[in-house]
Amino acid sequence: MIKPVPLYIGLRYVAARRRQQFISFINGFSLLGMALGVLALIVVTSVMNGFDRELKTRILSVVPHGFVVQEDGLQEWPTVADQLKQQPHVQAASPFVRGFALLGANNQSQGVEFQGVDPQALREVSAVGEHMMMGSLDALESRSYNIVLGRILARQLGVIPGDSVILTLPEVVITPAGIFPRTKRFTVAGVFSVGAQVDQNMALMHLDDAARLLRMRGKVQGLQLKFDDMNNALGRVEGYASALGEGFSGEDWSHSQGSLFQAVKMEKTVVTLMLMIIVAVAAFNIVSALVLMVADKRSDIAVLRTLGLTSRQIMAVFVVQGSAIGIIGALVGGLLGTLIALNLTDLVSWIEQLVGAQIFDPRVFFVSFLPSEFRTGDAVMVLSAAIIMSLLATLFPAWRAAQIEPAEALRYE
């Protein structure tokens with residue numbers, strides 16, 4: 001006989017028996033439920049990772065990795081830019097002026113964040129110039145009062161390059177005719193499409209034009225920074241700003257865009273916890289199967305006890321049986337989930353071609369495909385949770401089996 005005895009007997013109990021079809025069905029159902037739960041968790045977490053990656057890649061290719069701002073405005077910004085570029089991991093710095101306004105055209109209006117930029121310097125910190133659908137950033141010239149809009153914003157306003165839009169600032173001017181809001185007419189010079197939220201609420205204009213609108217008098221509000229890696233900006237921008245002197249403050253992309261990524265992370269956590277219920281149900285099925293198995297094997301347990309097996313060994317038999325079901329199901333689900341997660345984007349594309357329909361309409365969704373990024377750490381976490389729940393599910397039925405007295409069980413045999 002194979003040693004140790006509890007391992008041998010426990011694995012034998014996992015196999016089907018003609019007399020125990022119902023118990024075998026429950027065992028199979030538990031294994032299938034565990035496999036499906038683990039598969040679903042790995043695939044869903046990979047999809048959430050993919051969306052997080054796409055958002056970060058798209059947004060942070062356009063939005064700078066950090067900002068350094070001067071309270072009273074910055075006039076000698078080239079000198080400050082040179083100082084910042086000497087800091088570790090900083091690759092480029094570009095001046096900016098930003099504000100909020102209402103942009104209107106064709107009886108439509110939309111609140112926007114407008115940014116005054118230097119087109120040449122902007123190319124060093126942002127890839128927006130590579131995402132121009134129409135027009136070019138070169139059209140943003142001083143005193144031209146040209147403006148570049150995001151794709152969704154341009155569509156909401158119903159404008160194309162060459163059309164005029166009215167920018168209304170949140171302040172008023174007093175004239176002999178009365179009190180009126182400050183407005184300025186701009187000409188649309190281009191449209192960009194990043195495939196992210198910035199397409200809906202961002203407008204770009206020349207640095208000098210924005211400075212005149214905000215009465216900065218030749219100053220800029222601060223500098224936009226680009227790092228060699230976006231993660232290197234975390235926790236460093238504030239220190240670089242403090243080193244410049246009093247009045248300087250800084251923030252990285254986790255402050256300006258952090259709420260969006262925190263929402264994605266929270267959604268991933270909640271979805272993972274809810275899908276973990278599938279694994280928990282499979283674990284409860286293991287409890288049911290073991291309870292029925294213990295009731296059916298009372299006489300066998302009594303015989304094993306009379307042959308010398310201890311209560312601990314009897315308990316180990318049923319722990320092995322239940323754990324084997326959970327571990328096999330978890331490994332099968334983990335293998336299938338990994339294969340699907342690694343090929344999910346291509347698989348969904350093939351299904352779309354097969355049925356002739358597109359799941360994510362690019363006119364509605366920022367991401368027009370189903371992204372997936374498999375991470376080994378997530379898979380290990382899911383498999384570990386499934387195996388731990390399977391082990392815990394075996395303890396009560398195994399304990400009940402260990403409490404069976406041989407004389408009582410064999411009295412009517």
Side-chain angles (χ1 to χ4, degrees), residues 54-55 57-64 94-171 180-214 224 256-257 260 357-369:
E54 287 297 315
L55 286 175
T57 300
R58 294 178 182 221
I59 293 177
L60 296 180
S61 68
V62 177
V63 176
S94 172
F96 75 93
V97 173
R98 64 182 174 186
F100 296 90
L102 191 67
L103 204 61
N106 301 319
N107 295 322
Q108 301 292 327
S109 60
Q110 179 71 32
V112 299
E113 176 188 351
F114 67 88
Q115 288 191 9
V117 297
D118 183 327
Q120 300 303 320
L122 180 66
R123 286 186 171 89
E124 298 180 5
V125 300
S126 173
V128 66
E130 302 172 7
H131 297 276
M132 296 297 298
M133 295 178 59
M134 295 179 283
S136 171
L137 287 178
D138 295 330
L140 299 181
E141 299 176 350
S142 179
R143 297 180 179 272
S144 65
Y145 292 102
N146 289 333
I147 194 168
V148 172
L149 308 178
R151 174 179 61 90
I152 297 178
L153 178 59
R155 187 178 65 193
Q156 290 174 337
L157 298 178
V159 295
I160 59 174
D163 292 343
S164 295
V165 294
I166 302 297
L167 186 141
T168 304
L169 295 170
E171 56 181 280
F180 297 94
R182 284 190 63 203
T183 61
K184 181 62 182 178
R185 183 179 298 273
F186 282 80
T187 301
V188 178
V191 176
F192 66 84
S193 176
V194 178
Q197 192 68 28
V198 291
D199 290 349
Q200 188 173 1
N201 55 21
M202 182 177 287
L204 303 176
M205 62 185 67
H206 193 274
L207 188 67
D208 294 341
D209 295 343
R212 289 189 185 92
L213 283 175
L214 298 178
Q224 301 172 337
S256 58
Q257 304 294 328
L260 174 61
Q358 194 167 13
I359 298 177
F360 296 99
D361 190 342
R363 295 172 297 179
V364 178
F365 299 98
F366 291 129
V367 181
S368 59
F369 63 96

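All residue numbers refer to positions in the sequence shown, counting from 1. If you're wondering where the values come from, they're calculated on a predicted model, not measured in any experiment.
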May I ask you to test the [X]-[Y] pair for a side-chain heavy-atom distance under 4.5 Å?
X: L149; Y: L103; result: yes
X: L122; Y: L204; result: yes
X: R98; Y: E113; result: yes
X: D138; Y: Q120; result: yes
X: Q224; Y: Q115; result: yes
X: R212; Y: S142; result: yes

| field | Under 3.5 Å: donor-acceptor pair, side chain of D209, backbone of R143 | value |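 Checked: pair present.
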| Donor-acceptor pair, side chain of N106 and main chain of G158, under 3.5 angstrom |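 It does hold such a pair.
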Could you grab the distance from atom [atom1] of [X] to atom [atom2] of [Y], nearest 0.5 Å is fine?
X: L153; Y: Q108; atom1: CG; atom2: CD; answer: 11.5 Å
X: D208; Y: D118; atom1: CG; atom2: CG; answer: 8.5 Å
X: L102; Y: I166; atom1: CG; atom2: CD1; answer: 11.0 Å

[X] and [Y]: which non-hydrogen atoms are nearest, and at how many Å?
X: L157; Y: G104; answer: CD2-CA, 4.4 Å
X: S164; Y: A105; answer: O-CB, 3.8 Å
X: M132; Y: V148; answer: CE-CG1, 3.8 Å

Would you be so kind as to tabulate the donor-acceptor pairs closer than 3.5 Å made by side chains of residues 185-194, with sequence neighbours excluded?
| from | atom 1 | to | atom 2 | distance (Å) |
| --- | --- | --- | --- | --- |
| S193 | OG | R151 | NE | 3.1 |

| Which one of V97, L213, N146 satisfies the side chain to side chain contact (heavy atoms under 4.5 Å, CB included) criterion with M205? |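 Answer after filtering V97, L213, N146: L213.
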| Pairs where residues 116-144 contributes a residue and the test ring-ring contact (aromatic ring centres under 6.0 Å, His included) is met, not counting sequence neighbours |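 Matches after skipping sequence neighbours: none remain.
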| With sequence neighbours excluded, residues passing ring-ring contact (aromatic ring centres under 6.0 Å, His included) with F114 |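 Not a single residue meets the ring-ring contact (aromatic ring centres under 6.0 Å, His included) criterion with F114.
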